[in-house]
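Taking it in order: structure first as structure tokens, then the write-up.
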There are 2 protein chains.
Amino acid sequence: MLSFTEENYLKALVQLTGFEVGSKEVGVNKLASKLNVKPATVTDMVKRLKEKSFVNYKKYGKISLTDSGEKLGMFVVRRHRLWETFLHDQLDFSWNEVHELAEDLEHIHSEKLINGLDKLLGYPSFDPHGDAIPNSKGEIFIPFRKTLSEVEVNESCRVVAVKDNSSDFLQYLDKLGLKINDTIKIIQLEEFDSLTTIKINDKQFVVSPKFTENIYVVCPTCGKAKNCTC
Amino acid sequence: MLSFTEENYLKALVQLTGFEVGSKEVGVNKLASKLNVKPATVTDMVKRLKEKSFVNYKKYGKISLTDSGEKLGMFVVRRHRLWETFLHDQLDFSWNEVHELAEDLEHIHSEKLINGLDKLLGYPSFDPHGDAIPNSKGEIFIPFRKTLSEVEVNESCRVVAVKDNSSDFLQYLDKLGLKINDTIKIIQLEEFDSLTTIKINDKQFVVSPKFTENIYVVCPTCGKAKNCTC
DNA sequence: TAATAAAGTTAGACTAATCTAACAATTTTT
DNA sequence: AAAAATTGTTAGATTAGTCTAACTTTATTA
Ligand SMILES: [Mn+2]
Ligand SMILES: [Mn+2]
Ligand SMILES: [Mn+2]
Ligand SMILES: [Mn+2]
């Protein structure tokens with residue numbers, strides 16, 4: 001059985017090498033800062049994870065997940081996102097309250113519990129932040145999306161997810177009244193400092209790249225993010 | 001914040017000194033065997049709990065809970081029993097599957113979560129085994145009950161709780177088809193070896209004291225266990 | 001290519017929770 | 001009251017996960 005800590009390492013590796021763009025490998029320092037521990041600690045732990053065949057690694061080299069490591073990490077993500085959905089849908093938690101608690105709940109080991117939860121929630125595909133939920137086989141299907149910063153002036157788009165899940169950002173979105181599935185129209189873009197004027201539900205706001213780069217959107221008509229001919 | 005282990009000690013102390021009959025104090029050996037650790041381990045831990053003012057204790061003396069220790073222990077029991085009820089009522093777990101999982105879930109710290117669960121479940125008073133659930137103030141109300149072994153021949157009674165929560169016992173009850181709220185009639189008692197003939201839903205069984213001493217019942221008419229004049 | 005910077009490792013230490021084995025105090029029995 | 005049994009404590013060891021400080025390897029830059 002995996003310890004909480006081992007699970008956190010595997011989940012972090014999935015997040016850093018799995019569904020993020022870029023490489024399938026990661027360095028000790030990056031993993032350490034993701035987990036808020038010192039590099040020395042990671043070196044130690046990675047050796048143990050290698051012992052158990054969850055990672056590929058050699059001294060001074062990069063770290064990557066083995067198939068079994070990736071699968072286990074993916075299940076932690078599944079549990080995390082299902083709990084977030086449960087808290088949000090069944091217990092009326094807001095989207096900025098669910099993450100912290102899910103960090104604990106994700107370590108409860110029971111396939112029956114998690115599949116029961118999945119059923120209770122109606123087999124949701126996305127969590128309250130719009131992130132895809134891995135299925136009971138550990139498979140995840142992430143739809144193509146682009147960030148709001150990639151949308152042209154005068155175009156409209158539909159919000160499908162939030163990239164930055166921090167409580168600060170989510171509360172800012174609440175202040176703006178922005179929710180998943182809302183439509184945003186780009187009114188104007190100031191090239192000089194990238195400040196963008198947008199319209200959400202007929203209300204107009206000026207937002208910075210910190211906003212536009214952290215909102216995932218698709219075409220409101222066809223639901224695609226690429227090659228949309230609408 | 002309390003560790004899992006500290007919480008388990010406080011819960012065990014509540015169970016041994018709180019709602020069981022008898023003394024409000026307990027010895028190191030008894031606590032050790034309840035927690036499946038060695039007495040030496042308990043001595044150590046009890047010193048730490050005393051440091052934090054959760055127990056009263058002096059060398060070679062008995063252990064008892066302080067008010068704050070009892071309150072915290074009672075909240076662990078509340079969480080445990082609410083989770084058991086959730087698993088049973090919402091996720092269709094049987095009453096012999098809930099305990100083990102609740103042993104883990106009871107350590108998730110969130111007042112909001114637990115009160116949300118309480119509301120979702122309709123503020124239940126009893127868990128799937130018939131045990132009283134402490135309320136959000138940490139108060140518990142345990143109704144008077146007697147064991148089936150105290151019921152006279154030819155009398156009927158209603159099952160309100162199960163004393164032995166072991167999976168083995170619960171599965172035996174399932175085999176007999178016995179559930180909370182069922183009515184049992186004592187048909188005959190063999191004084192020699194205390195074997196008892198009972199009737200559950202018109203079916204007759206011969207059971208041993210291991211059964212009759214582990215089933216809590218009340219009068220089917222007035223719901224009382226003492227001074228019933230029905 | 002040599003110097004410097006960045007990234008990674010090692011050694012040694014700490015804490016919480018546990019154990020075993022030896023010992024000490026208390027209680028019960030004779 | 002002495003012996004025996006029970007109950008509880010102490011000392012020393014172990015394990016997982018973490019840290020700091022010193023050191024080594026690899027990468028970047030001049
Ligand atoms: Mn989250
Ligand atoms: Mn999420
Ligand atoms: Mn239980
Ligand atoms: Mn119970």
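Numbers restart at 1 for each chain; the letters A, B, ... are given by sequence-line order, proteins then strands.
When each of A:Asp127, A:Asp174, A:Asn165 is tested with A:Trp95 by the rule side-chain hydrogen bond (donor to acceptor under 3.5 Å, both in side chains), just one qualifies, namely A:Asp174.
Taking atom CG on A:Asn29 and atom P on D:dT25, their separation rounds to 17 Å, with Å as the unit. With rounding to whole Å, B:Met1 atom CE is found 17 Å from C:dA16 atom C1'. Going from atom OH of A:Tyr57 over to atom P of C:dA7 covers 15 Å, rounded to whole Å.
Looking at heavy-atom distances under 4.0 Å, B:Lys47 makes contact with sugar-phosphate atoms alone, never a base.
The side chain of B:Lys62 approaches D:dG8 more closely than any other nucleotide in the set D:dG8, C:dT10, D:dT25. The side chain of A:Lys59 lies closest to C:dT9 when the candidates are C:dT9, D:dT9, C:dA7.
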Could you write out each protein N or O paired with an N or O of nucleotides 16-19 of chain D at a distance under 3.5 Å?
{"from": "D:dG17", "atom 1": "OP1", "to": "A:Ser3", "atom 2": "OG", "distance (Å)": "2.6"}
{"from": "D:dG17", "atom 1": "OP2", "to": "A:Arg48", "atom 2": "NH1", "distance (Å)": "2.4"}
{"from": "D:dC19", "atom 1": "OP2", "to": "A:Lys38", "atom 2": "N", "distance (Å)": "3.0"}
{"from": "D:dC19", "atom 1": "OP2", "to": "A:Thr41", "atom 2": "OG1", "distance (Å)": "2.5"}

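Salt bridge B:Lys30/B:Glu25: absent, no basic N to carboxylate O contact under 4.0 Å. Salt bridge status for B:Glu6 with B:Arg48: absent, with no side-chain N to carboxylate O gap under 4.0 Å. Salt bridge B:Glu106/B:Arg81: absent, no basic N to carboxylate O contact under 4.0 Å. Salt bridge annotation for A:Glu7-A:Arg79: present, with a cationic side-chain nitrogen under 4.0 angstrom from a carboxylate oxygen.
Counting only N and O atoms by type, the side chains of B:Ser166 and B:Asp164 include a donor and acceptor under 3.5 Å apart.
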